[in-house]
J.: 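Quick one: the structure is below, questions incoming.
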Amino acid sequence: MAEKVIVRFPPSPTGYLHIGGARTAIFNWLFAQKTGGKFILRIEDTDVERSSEESVRGIIESLKWLGITWDEGPYFQSQFTKEHVAAARKLLKTGHAYECFCTKEELDRKREEARKKKAALQYDGACRNLTPEEVAEKEAAGMQYTIRLKVPRGEGFVSFEDIVYGIIEKKYQDIEDFVIVRSNGQPLYVLSNAVDDIRDGITHVIRGQDGLANTPKQILIYKALGAPVPKFAHMSLTLDPKKAKISKRTHGESVAVHFYKEHGFLPWAFVNYLALLGWSTPDSREIFSKEELIEAFSLKGISRVNCIFNVRKDDPKFFTDPKAISINANYIRNLPVEELEPYVREQLEKAGIWDPDYAREKRDWFLRTIDLIRSRYHVTTDFATLGRCYFSDDYSTDPKPLKKNILKHEGLKEWFHILADRLEDVEEFTLEETERVIREMAEEFGFKAGILINGIRTAVTGQPKGPGLFDVLIAVGQHRVVQRLRKAVKFFG
RNA sequence: GGUCCCAUCGUCUAGCGGUCUAGGAUAUCGGCCUCUCACGCCGGAGACACGGGUUCGAUUCCCGUUGGGACUACCA
């Protein structure tokens with residue numbers, strides 16, 4: 001019987017949740033879901049300078065929005081500082097660590113020298129072999145010290161099998177005696193993280209590849225503490241189009257999860273897209289429901305190659321990775337309308353054009369209208385912008401089609417008038433009837449129907465494009481169509 | 001500088017020695033549909049970084065070069 005899987009996502013609350021972090025969270029979550037394991041959220045807030053409560057709230061909100069649920073936590077690393085220090089004390093006692101009295105200045109100087117000589121910048125182990133008397137003497141003199149792990153010396157190496165990258169070996173001589181506790185008594189990440197993982201019983205560490213290089217150090221800590229070493233699965237990093245690691249500093253909002261929430265992404269569509277960054281199935285399948293993704297997920301599908309989040313700043317057509325948009329658009333047009341409904345509602349509310357009746361007597365109409373227009377929308381905000389004319393009479397008319405479809409044809413001034421009257425008189429405002437009236441009128445006046453149709457479209461929607469005109473007329477409704485046609489006459493001044 | 005990781009269309013990727021004249025998706029271009037736009041459908045262009053091996057045979061295995069990335073803090 002295999003032991004139960006326990007994974008964790010340990011963000012440090014120094015800003016919003018960005019897509020790299022979200023991706024890590026998603027993979028951990030998927031693995032837990034897939035294996036029936038446990039997913040723990042742990043906030044690593046030990047960097048007091050940079051951590052903030054606001055950031056914690058933001059991260060949690062983003063995770064919730066994505067639909068990433070955790071079974072335990074959030075725990076806060078800062079609450080376990082005592083444990084971390086106790087672990088260091090234990091290591092000191094068991095001879096796995098030692099006190100180092102070197103000052104920061106000394107070390108910086110040595111490092112600088114090494115750099116000049118182009119040698120490795122490792123700590124030289126100056127305090128490693130201090131006698132107990134020397135240590136006592138320095139302590140008595142009130143000298144501050146850091147605690148360093150005593151890395152085994154000699155020919156051996158640390159070895160582990162990463163689930164994604166395979167066997168990784170690191171020679172002891174390439175690992176310096178690294179600091180695990182600061183001179184002010186604060187434990188360091190490399191220690192705290194390991195101690196927390198041991199306490200939480202983490203069985204699989206799934207994290208970014210940037211953790212790969214210090215995994216040997218952590219394994220050394222596990223071993224020195226006599227704890228079982230978890231399995232590791234490192235995932236490739238997410239880079240920007242210039243192949244630089246994505247960061248809040250250089251990319252700002254465009255890499256923040258909340259940015260996608262605000263820009264009309266469906267949470268699951270975004271998760272689906274993120275899951276596809278650096279993970280795939282043998283059949284290259286792309287669209288997965290939640291259940292399907294969990295079913296299909298496997299750590300084996302994680303790629304070793306860094307992937308690029310193709311953000312396009314200042315691209316008029318794509319405000320972010322086109323693939324992300326295309327997946328979102330795919331969901332918008334294929335989801336059962338009822339599932340899309342709440343998101344559209346949210347956008348209309350935000351735009352101040354929500355009518356409570358859309359949830360009651362007009363709900364049928366509301367759903368039909370969403371269904372009518374959704375195939376050309378990419379983000380849910382489009383319903384309130386491009387689709388505004390369906391939900392509000394206060395919509396603007398695009399000057400380009402106004403000129404091309406309306407003003408260019410002077411006859412429309414009169415025909416809109418006539419048409420408005422005729423449409424007002426139609427008893428059954430149906431697809432067939434409206435089409436008949438309009439086509440007959442075009443013939444009567446010797447016009448190509450297209451000219452009349454495009455003119456009406458622009459008058460009624462303010463736009464040059466959209467669904468088939470007769471569908472539009474039905475959706476907008478007889479009364480409003482007549483009104484809008486009469487109003488359009490004013491365009492001729 | 002040192003250690004480590006990686007390398008297939010612009011991007012996300014399939015491929016795990018012959019099935020590859022390299023598949024899918026997205027983006028892009030052309031066509032069909034048509035009252036416009038989108039959807040949908042059809043088609044085009046577009047990649048195995050380079051050089052050595054190993055092998056009857058390399059995109060696939062090994063080595064090197066080049067390129068990219070990570071780590072290298074008393075940050076997490």
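Worth saying up front: this structure is predicted, and the values here are computed from it rather than measured.
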J.: Can you tell me, in whole Å, how much space there is between the C1' of B/G15 and that of B/U72?
T.: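 These two C1' atoms come out 35 Å apart once rounded.
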J.: Rounding to the closest angstrom, what is the interatomic distance between B/U60 and B/A22 at atom C1'?
T.: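 Their C1' atoms lie roughly 11 Å apart.
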J.: Do A/Glu292 and A/Ser289 have a side chain donor and acceptor closer than 3.5 Å?
T.: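 Yes, side-chain donor-acceptor contact under 3.5 Å.
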J.: Looking only at the side chain of A/Asn310 (C-beta and beyond, no hydrogens), which of the listed nucleotides B/U11, B/C35, B/C6 gets closest?
T.: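 Among the listed nucleotides, the one closest to the side chain of A/Asn310 is B/U11.
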J.: B/G24 phosphate, OP1 or OP2: any side-chain N/O from A/Arg285 under 4.0 angstrom?
T.: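 Answer no for this pair, as no side-chain N or O of A/Arg285 is under 4.0 Å from OP1 or OP2.
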J.: What's the closest nucleotide to the side chain of A/Asp210 if the choices are B/C37, B/C74, B/A70?
T.: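 Shortest atom-to-atom distance from the side chain points to B/A70.
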J.: Give a yes or no on whether a donor-acceptor pair under 3.5 Å exists between the nucleobase atoms of B/C37, that is its base, and the side chain of A/Arg457.
T.: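 Donor-acceptor pair under 3.5 Å: no.
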J.: Could you check which of B/C35, B/G40, B/G69 has an atom nearest any side-chain atom of A/Lys243?
T.: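 So the nucleotide nearest the side chain must be B/G69.
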J.: Examine B/U36: is either OP1 or OP2 under 4.0 Å from a nitrogen or oxygen in the side chain of A/Lys404? Give yes or no.
T.: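 Checking B/U36 against A/Lys404, no side-chain N or O comes under 4.0 Å of OP1 or OP2.
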J.: Among B/C74, B/U28, B/C75, which nucleotide has an atom closest to any side-chain atom of A/Arg50?
T.: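 Side chain of A/Arg50 sits closest to B/C75.
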J.: What's the closest nucleotide to the A/Lys245 side chain, out of B/U8, B/C71, B/A76?
T.: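 The nucleotide sitting nearest to the side chain is B/C71.
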J.: How would you label the contact of A/Lys300 with the nucleic acid (heavy atoms, under 4.0 Å): base, sugar-phosphate, or nothing?
T.: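 If one applies the 4.0 Å heavy-atom cut-off, A/Lys300 turns out to touch nothing in the nucleic acid.
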J.: Measure from the side-chain heavy atoms of A/Lys217 and tell me the nearest of B/C75, B/U28, B/U72.
T.: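 Side chain of A/Lys217 sits closest to B/U72.
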J.: Between A/Asp321 and A/Tyr165, just flag the one whose closest nucleotide in RNA chain B comes earlier from the 5' side.
T.: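 Upstream on the strand: A/Tyr165.
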J.: Would you say the side-chain atoms of A/Arg128 pair up with the backbone N or O of A/Tyr98, donor to acceptor, closer than 3.5 Å?
T.: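 A pair under 3.5 Å: no.
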J.: Classify the side chain of A/Lys465 versus the base of B/A38 as yes if they form a donor-acceptor pair under 3.5 Å and no if they do not.
T.: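 Between B/A38 and A/Lys465, which were checked side chain against base, a qualifying N/O pair under 3.5 Å is absent.
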J.: Take A/Ile456 and A/Leu473 through the test side-chain contact (heavy atoms from CB on, under 4.5 Å) and record every step on the way to the result.
T.: CA-CA 9 Å; A/Ile456 298 169; A/Leu473 297 183; 4.0 Å; yes
J.: Counting the atoms with a prime plus P, OP1 and OP2 as sugar-phosphate, which does A/Pro401 contact under 4.0 Å by heavy atoms, base, sugar-phosphate, or nothing?
T.: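 If one applies the 4.0 Å heavy-atom cut-off, A/Pro401 turns out to touch nothing in the nucleic acid.
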J.: Under 4.0 Å between any heavy atoms, over every strand shown, what does A/Asn214 touch: base, sugar-phosphate, or nothing? Just pick one.
T.: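 Since a base atom lies under 4.0 Å of A/Asn214, the category is base.
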J.: Taking the C1' atom in each of B/C48 and B/A58, what is the distance between them to the nearest angstrom?
T.: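 The answer is 11 Å between these two C1' atoms.
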J.: Per the ring-ring contact (aromatic ring centres under 6.0 Å, His included) rule, what does the pair list look like for residues 367-388 of chain A, sequence neighbours excluded?
T.: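 Applying ring-ring contact (aromatic ring centres under 6.0 Å, His included) to every pair that reaches into residues 367-388 of chain A, excluding sequence neighbours, yields A/Tyr377-A/Phe383.
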J.: Does the pair A/Asn193 and A/Arg207 meet the rule for a side-chain contact (heavy atoms from CB on, under 4.5 Å), with working shown?
T.: CA-CA 12 Å; A/Asn193 184 263; A/Arg207 56 162 34 155; 4.1 Å; yes
J.: Assign A/Leu121 to base, sugar-phosphate, or nothing according to its heavy-atom contacts below 4.0 angstrom with the strands shown.
T.: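 Since a base atom lies under 4.0 Å of A/Leu121, the category is base.
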J.: Among B/C74, B/G69, B/A76, which nucleotide has an atom closest to any side-chain atom of A/Tyr189?
T.: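 Out of B/C74, B/G69, B/A76, the nucleotide with an atom closest to A/Tyr189's side chain is B/A76.
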J.: If you check every side-chain atom of A/Glu286, which of B/A76, B/G24, B/A14 has the closest atom?
T.: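 Among the listed nucleotides, the one closest to the side chain of A/Glu286 is B/G24.
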J.: Check whether any side-chain N or O of A/Arg111 sits under 4.0 Å from OP1 or OP2 of B/C74, and answer yes or no.
T.: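 True: A/Arg111 side-chain N/O within range (under 4.0 Å) of B/C74 OP1/OP2.
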J.: Check the phosphate of B/U13 against A/Ser284, side-chain N and O only, distance under 4.0 Å to OP1 or OP2. Yes or no?
T.: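 Result: no.
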J.: Is A/Arg304 side chain donor-acceptor paired with the B/C6 base, going by distance under 3.5 Å alone?
T.: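 Answer no: no donor N or O sits under 3.5 Å from an acceptor.
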J.: Could you say whether A/Leu277 or A/Glu44 is positioned toward the 5' end of RNA chain B, judged by the nucleotide with the nearest heavy atom to each?
T.: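 This one resolves to A/Leu277.
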J.: Pick the P atom in B/G67 and in B/C75, then give their distance to the nearest Å.
T.: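 Their P atoms lie roughly 34 Å apart.
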J.: Give a yes-or-no answer on whether the side chains of A/Thr320 and A/Tyr260 include a donor-acceptor pair shorter than 3.5 Å.
T.: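 Yes, side-chain donor-acceptor contact under 3.5 Å.
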J.: Taking B/G10 as the reference, what is the distance to B/A49 when you measure between their C1' atoms (whole Å, please)?
T.: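 It works out to 16 Å between them.
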J.: Using the P atom on both, measure B/G24 against B/U65 and round to a whole Å.
T.: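 These two P atoms come out 37 Å apart once rounded.
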J.: Would you measure the distance from the C1' atom in B/U11 across to the matching atom in B/U28 and give it in whole Å?
T.: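 Per the computed distance, 12 Å lies between those C1' atoms.
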J.: Strictly distance-based, threshold 3.5 Å: is any side-chain N or O of A/Asn328 a donor or acceptor partner for the main-chain N or O of A/Ala324?
T.: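 Not confirmed, A/Asn328 side chain does not pair with A/Ala324 backbone.
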J.: Hey, does the side chain of A/Arg439 come within less than 4.0 Å of B/C35's phosphate (OP1/OP2), counting only N and O?
T.: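 Yes, A/Arg439 has a side-chain N/O under 4.0 Å of OP1/OP2 on B/C35.
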J.: Using a 4.0 Å heavy-atom cut-off, does A/Tyr273 contact any base of the nucleic acid, only the sugar-phosphate backbone, or nothing at all?
T.: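 Answer is nothing: A/Tyr273 stays at 4.0 Å or more from every strand.
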J.: May I ask which nucleotide in the shown strands pairs with B/U19, Watson-Crick or G-U wobble, both distances under 3.5 Å?
T.: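 Per the H-bond distance test, none.
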J.: Nearest of B/G40, B/G24, B/C35 to any side-chain atom of A/Phe470?
T.: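 Of B/G40, B/G24, B/C35, B/C35 is nearest to the side chain of A/Phe470.
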J.: Which base, if any, makes a Watson-Crick or G-U wobble pair with B/G40, both distances under 3.5 Å?
T.: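 B/C32 is the nucleotide pairing with B/G40.
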J.: Take the angle between the ring planes of A/Phe80 and A/His84 and call it parallel below 30°, perpendicular above 60°, tilted in between.
T.: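 Tilted.
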J.: OP1 or OP2 of B/A76 less than 4.0 angstrom from a side-chain nitrogen or oxygen of A/Arg207, does that happen here?
T.: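 Checking B/A76 against A/Arg207, no side-chain N or O comes under 4.0 Å of OP1 or OP2.
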J.: Using atom C1' in both nucleotides, what's the gap between B/C62 and B/G23 to the nearest angstrom?
T.: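 Looking at atom C1' only, B/C62 and B/G23 are 27 Å apart.
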J.: Should A/Lys448 be listed as having a side-chain N or O under 4.0 Å from OP1 or OP2 of B/U36?
T.: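 Checking A/Lys448 against B/U36: no side-chain N or O falls below 4.0 Å of OP1 or OP2.
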J.: Go ahead and name the base partner of B/C4; Watson-Crick or wobble counts if both distances stay under 3.5 Å, otherwise write none.
T.: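 B/C4 is paired, partner B/G69.
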